[in-house]
Amino acid sequence: MSRLRLTPTALVLAAAVVFLGVLISACSSDVGASPDQPVAFSHLIHGENEIDCAYCHEYVDRYAVAGIPRVQVCMDCHEFMEPEAPSADLDRLVEFSEAGEEIPWVRLYELPDYTHFNHRWHIAAEVECQTCHGEIGTSERATRHMVYDMDWCLTCHEEQEASVDCLTCHT
Amino acid sequence: MKRREFLKSSIVAGTAGVLLDACTPPGSEQIIPLLIPEEQFIPGVEEFHATTCFECSGGCGLLSRKIDGRLVKVEGNPAHPIAQGGSCARGQALPQAMYHPDRLQSPLVREGARGEGRWTEISWDDALDRLTTELTGLSSDPSGLAFLTGQLRGHRSALVERFAAGFGGARHWVHEPFGDAAVRRAHLLAAGIDAFPAHDLEHANYVVTFGAALVEGSRSPVRFGRGLGHLRRGRPGQRGKLVAIGPYLSVTAAHADEWVPARPGSDAALALGLAHILVRDGRHDETFVTDRATGFEAFRERLLADYAPETVGEATGVPAEQIERLAHEMADHGPALVVAGDAAVTGPDGLATALAVAHLNALLGGFGRPGGLNFDPPPPFAAWPALEAAQDSESEPDSADSNTPRPLVEVLVDQPAGVGALLVAATNPFYTLPPASGVADLVAGIPFVAAFGSFADETTRWADLILPEPTTFERFDDDVPAPGVGRAIASLSGPVFVRPLYDTRSMPDVLLQVGQRLGDDMAAALPWETYEDALQDAWAGLHDTQRGSVVETTAGRFWRSALESGGWWDDAPEEPAPVEFATSDGRYQFDLAPLSATSGVVATTADRPFILHVYPSLAFGDGRSAHLPFLQELADPMTGVRWGSVVELSHMAAEEHDLVEGDAVVVASAQGELQARVRVVAGLRPEVVAIGAGQGHTDYGRYATDRGANPLALLAPPDPADGAELALVGTAVSLRKLYTL
Amino acid sequence: MADWGMAIDVDRCDGCNACVVACRTENNVPPAGPDQAAIGRTIEWLRVERHVDGEFPNVRVRFVPVMCVHCDEAPCAAVCPVSATYETPDGLNAQIHPRCIGTRACAQACPYTVRHFNWGEPSWEAPLEQTINPDVAVRWKGIMEKCSFCVQRIRRAEDTARGEEREVADGEVQPACAQACPAQAIVFGDLDDHESAVSQLAESPRAERPMEELGTGPRVFYLKEGDWRGSVRPRSSD
């Protein structure tokens, strides 16, 4: 009886391992990617000017998403700023604003739809932005610094004694 | 970005292709759609907007859940006195109506011959021009314009009547297949009030239904579901009893404590048989019949002479002892309450049944008592500015009563000449009436037909112009729920979205826009730019009461608060208000005349040995919800059938006619035939076969078309002399086996 | 931590099926379609069973809503080779979709027949996918799914309570079925809280747990249908 059960179970486990391997590699294959953005926004310049992350990512301490700013948030400042030098990117920003269009930013990080992440509780637990987003705030180009696989999440959750129950993140 | 593009691009890539691609679902490279929409929602943050469900006459308040700019769910509005947080299967499926792939997206004008189904999209400007031109051509004879509608909801009814009157006397025909015409008329005769009464199930202890499909019917499943739950377990230590009378074990009868399978057509006799026992044994409410009623003596004589239990037992097939017991239980374990509806109040005996049940309630002292019946006071809307008298109304015979809509079935037997244009809304007679009713002839004789609706159906197919309407989530509308709960209630619905999903306009808005184009007289009759303005004027009357669920300092604030909360309802009365009978002498009338119509027996023949019973489907109502895939997939509670129809047959009949479960049969009446599989059931009289309404559409979107069979097409055409719409029970049919599965 | 459970009053249930459609809408369960439904591949996390007793004319019917009963000792969890199903600390029987490999062993083991296999790829004809609830992941072909007690609603309520620095109140979490039910036949809450409505109902003499004799320890209590005994106050067993 046990022999009969062993073989399929082993097969199944092997299949699962292969499967999860595929899954993780699909997510982590392009670490360091830095896609071209419609406007070459520099986190570095904004960081140097001591603009708080939460000024633009305004929902970060309240909601699941941090929030990508609307073009109006950019214009709140840039409307009243004289560029130091002609800048095609600033021109594009103004074009988007005047056309009443939002900027089609290219996504850096995305979680599968079966994984639910909430910024709010991570901020409440005083996790630094850099812990998950690396040096994005001090880099010229937005670059994917991290690999968000489950092992990475769980390592921190275990260290911090946060919940590691599956249904904490998967609903 | 346009709203439609936005919606397309923000599709949540689900499914699994997705699994391996989970990190980069197709189309999600751009995050704008998810993060910064035109309405500036915050992803993952839910919003709830009060709306109203218009799928049945229940008028339930809903809360529409909007998240990521999409409508994803509805819940019953907890504050709404009808819904009280609950909803029904049809309501729950409603978001699928908004995002249905077969919605009408822009005005369509007919190409080719009528009924061919070829259409060209046109702009609203062109559509309004066309409509205006057609109507202008009728200005010399205003009765050349006819409206054909269902039971219009809220102020839509008043607006159509006003348009018709402002036009100089247009006609208005009404067709509502599972309507409550007989119940309303019975209460008009007996109580002087043209309304479907409110039933205080919460305080009743013994409830008897005659045919009334409270749970699955088209009346108000949420209201009745709430009441029945309370009847059973709402009062600790006190469990009420529900008795269901009718030839078919409906969902309501299945829920009941006792099912009484009386013969089809014998409901009035059974109600009067119960009344006989109450009167014979002196168990009726003597105070009521002496102090508040007229005609009791004649009624009593008639009851005692003609409705003895033995006689009634013979007519109904219900043992005399059981009738005696039921009557005594009603008397002993009150408050008792009787409700008539659906099949029992249609056909030749429909009015008699409704009236007999009203009389039974009267004998039980039910009018105005806790656990009895009441009539909802109408919400105190402000009247719209008075119309100037129509110029030459006396010269036009049909326009004299044009403010009272005529039943379509009356119009069909005596088809009028000279109707030049027909405007159709909220009714689908090509589906809900049998072909023999002549509706196709009527429409064929009218040179111009325009139809309103969110979906193409069997009737819009025969139109020349289709005017697409927004769904309830995209428009302003109001409703007065019927039946209510004994106080004034008005449901209000505003759009959940900034703009409608498609290029749609609601019927009242279109009428107002056409009114503007038709010239000064019409513009003066319809002095509003939008239906919202018209509603706001009417609702100012509720603001003026300065009481009820919404009290504000200005009418503008009142309007916004009412929109936010889903309507306005009066304070609940401490105890039920006494019923003021609006009859000539102010007393309840034990009217006898309509009772003489009771035959008590439905005839079958050797060729057609079965009586067909058509019941409202829990999922589809009269068929109008059949286009929603969630409801097609729902297993019927009694037959278990999904995506189709069955013909239900009793064990006895199956044995006698050598049929087994799953056999394919042809069900044939004098009007036509249909094919379905046999389902053998315990809860059916042997001489009856039952088929649920709602399936068998020929043109109602991809999910409903060519699915199952339409039993309404087998019914005998309505005889307006009966004062009734379609008889849902009583048509003789035969069964012919095609093959065994 | 809460111990989530449910009580269903069969005496209140009138078979209206609002719960079934509500569950489908809330949890992104698309219809199987006519062909697949005809061969029994409809997925319904919650179904309303019809129990018919007697013969004409004395027929009695009970409607019984049936969903995953979230066992304490779940037979499904015991047989899953990849631990895709297990009991969470707050008493839910969890189905972890990405971990499931579709052996269907759990469906065989479940005495309540409430686990469903995705025989096909779930799909929505555009634009019906707009109704997808973003709180609930869409499943895919080849895996199992079942009632989650609307865990997404539990988590939302917990998030709200946490933000307001308080406990989740009784009645604050309503699964879609309980919320839709006009007859108030379904009550959900914390079985650890003896004041909660669900605990009160679970202690009713009418309450019983389905197939309890199997030792599964179900977390759904059914309150039996009563008999009408006239208007006298019923016996205390009622």
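With rounding to the nearest 0.5 Å, the separation of CG in Asp227(C) from NZ in Lys241(B) is 10.0 Å. The distance from atom CD1 of Ile132(C) to atom CD1 of Ile67(B), rounded to the nearest 0.5 Å, is 13.0 Å. Going from atom CG of Asp35(C) over to atom CH2 of Trp643(B) covers 9.5 Å, rounded to the nearest 0.5 Å. Taking CG of Leu228(B) as the reference point, atom CG of Asp11(C) lies at 11.5 Å (rounded to 0.5 Å). Distance NE2/His230(B) to CD/Gln184(C): 8.0 Å, rounded to 0.5 Å. Annotation: the span from Leu63(B) atom CG to Gln179(C) atom CD amounts to 8.0 Å, rounded to 0.5 Å.
Residue contact with chain C, scored on non-hydrogen atoms closer than 4.5 Å, involves the side chain of Met652(B) exclusively. Contact annotation for Ala83(B): neither backbone nor side-chain heavy atoms come within less than 4.5 Å of a heavy atom of chain C. For a residue to count as touching a neighbouring chain, one of its non-hydrogen atoms must lie under 4.5 Å from one of that chain's; by this rule Val48(C) does not touch chain B. Residue contact with chain B, scored on non-hydrogen atoms closer than 4.5 Å, involves the backbone and the side chain of Ala32(C) alike. Arg50(C) touches chain B through its side chain: at least one heavy atom from C-beta onward sits under 4.5 Å away, while N, CA, C and O do not. For Arg90(B), no part sits under 4.5 Å from any heavy atom of chain C, backbone or side chain. Interface residue Leu249(B): only side-chain heavy atoms are found under 4.5 Å from chain C. Of the two parts of Thr639(B), only the backbone, made up of N, CA, C and O, holds a non-hydrogen atom closer than 4.5 Å to a non-hydrogen atom of chain C. There is no contact between Asn28(C) and chain B, counting heavy-atom distances below 4.5 Å. Neither the backbone nor the side chain of Glu49(C) comes within contact range of chain B; no heavy atoms are under 4.5 Å apart. For a residue to count as touching a neighbouring chain, one of its non-hydrogen atoms must lie under 4.5 Å from one of that chain's; by this rule Phe56(C) touches chain B with backbone and side chain alike. For Arg223(B), no part lies near chain C; criterion is any non-hydrogen pair under 4.5 Å. Both the backbone and the side chain of Arg685(B) come within contact range of chain C, judged by heavy atoms closer than 4.5 Å. Looking at Leu631(B), only its side chain comes within 4.5 Å of chain C, counting heavy atoms on both sides. Glu329(B) touches chain C through its side chain: at least one heavy atom from C-beta onward sits under 4.5 Å away, while N, CA, C and O do not.
Side-chain rings of Trp228(C) and Tyr206(B) approach one another, their centers coming within less than 6.0 Å.
In terms of heavy-atom pairs under 4.5 angstrom with chain B, the leader among Asn17(C), Val29(C), Asp9(C) is Asn17(C). Options Arg47(C), Arg60(C), Glu55(C) differ in how many heavy-atom pairs under 4.5 Å they form with chain B, and the most are formed by Arg60(C). The most heavy-atom pairs under 4.5 Å with chain B, out of Cys181(C), Pro57(C), Ala22(C), Ala178(C), come from Ala22(C). When Gly33(C), Ala176(C), Gly142(C) are compared by the number of non-hydrogen pairs under 4.5 Å with chain B, Gly33(C) comes out ahead. With chain C as partner, the option from Ala682(B), Ala89(B), Gly86(B) having the largest number of non-hydrogen pairs under 4.5 angstrom is Ala89(B).
When atom types are taken as modelled, the side chain of Arg232(B) and the backbone of Arg12(C) share no donor-acceptor pair closer than 3.5 angstrom. Here the side chain of His255(B) pairs a donor or acceptor atom with the backbone of Cys13(C) at under 3.5 angstrom. Looking only at distances, no side-chain donor or acceptor of Arg642(B) sits under 3.5 Å from a matching main-chain atom of Ala37(C). Here the side chain of Glu216(B) pairs no donor or acceptor atom with the backbone of Cys16(C) at under 3.5 angstrom. In this structure, the side chain of Arg24(C) does not engage the main chain of Phe630(B) through any donor-acceptor pair within 3.5 Å. At least one donor-acceptor pair under 3.5 Å links the side chain of Arg226(B) to the backbone N or O of Pro182(C).
When every heavy atom of Ala93(B) is checked against every heavy atom of Val21(C), the shortest pair comes out as N-CG1, 3.8 Å. Scanning all heavy atoms of the two residues, the minimum distance from Pro637(B) to Gly15(C) falls at CG-O, 3.6 Å. The heavy-atom pair separating Ala126(C) from Pro101(B) by the smallest distance is O-CB, 3.2 Å. Taking each heavy atom of Gln92(B) and Ala180(C) in turn, the nearest pair found is NE2-CB, 3.7 Å.
Residues Pro127(C) and Arg103(B) are not in side-chain contact: their nearest non-hydrogen atoms beyond the backbone lie 4.5 Å or more apart. Using a 4.5 Å cut-off on side-chain heavy atoms (C-beta onward), Val251(B) and Phe63(C) make contact. Under the 4.5 Å side-chain criterion, counting only non-hydrogen atoms from C-beta, Met98(B) is not in contact with Gln130(C). Side-chain contact between Thr252(B) and Asp14(C) is absent, with no heavy atoms from C-beta onward closer than 4.5 Å.
A salt bridge is defined here as a Lys NZ or Arg NE, NH1 or NH2 lying under 4.0 Å from an Asp or Glu carboxylate O, and Lys73(B) with Asp135(C) fails to meet this definition.
Interface residues of residues 150-162 of chain C toward chain B, defined by a heavy-atom distance below 4.5 Å and sorted by number: Arg153(C), Arg156(C).
Partners of Asp636(B) by salt bridge (Lys or Arg N to Asp or Glu O under 4.0 Å), not counting sequence neighbours: none found.
Residues Tyr99(B) and Glu129(C) bring no donor and acceptor atom of their side chains to less than 3.5 Å of each other. Between the side chains of Gln96(B) and Thr131(C), no donor-acceptor pair is found at a separation under 3.5 Å.
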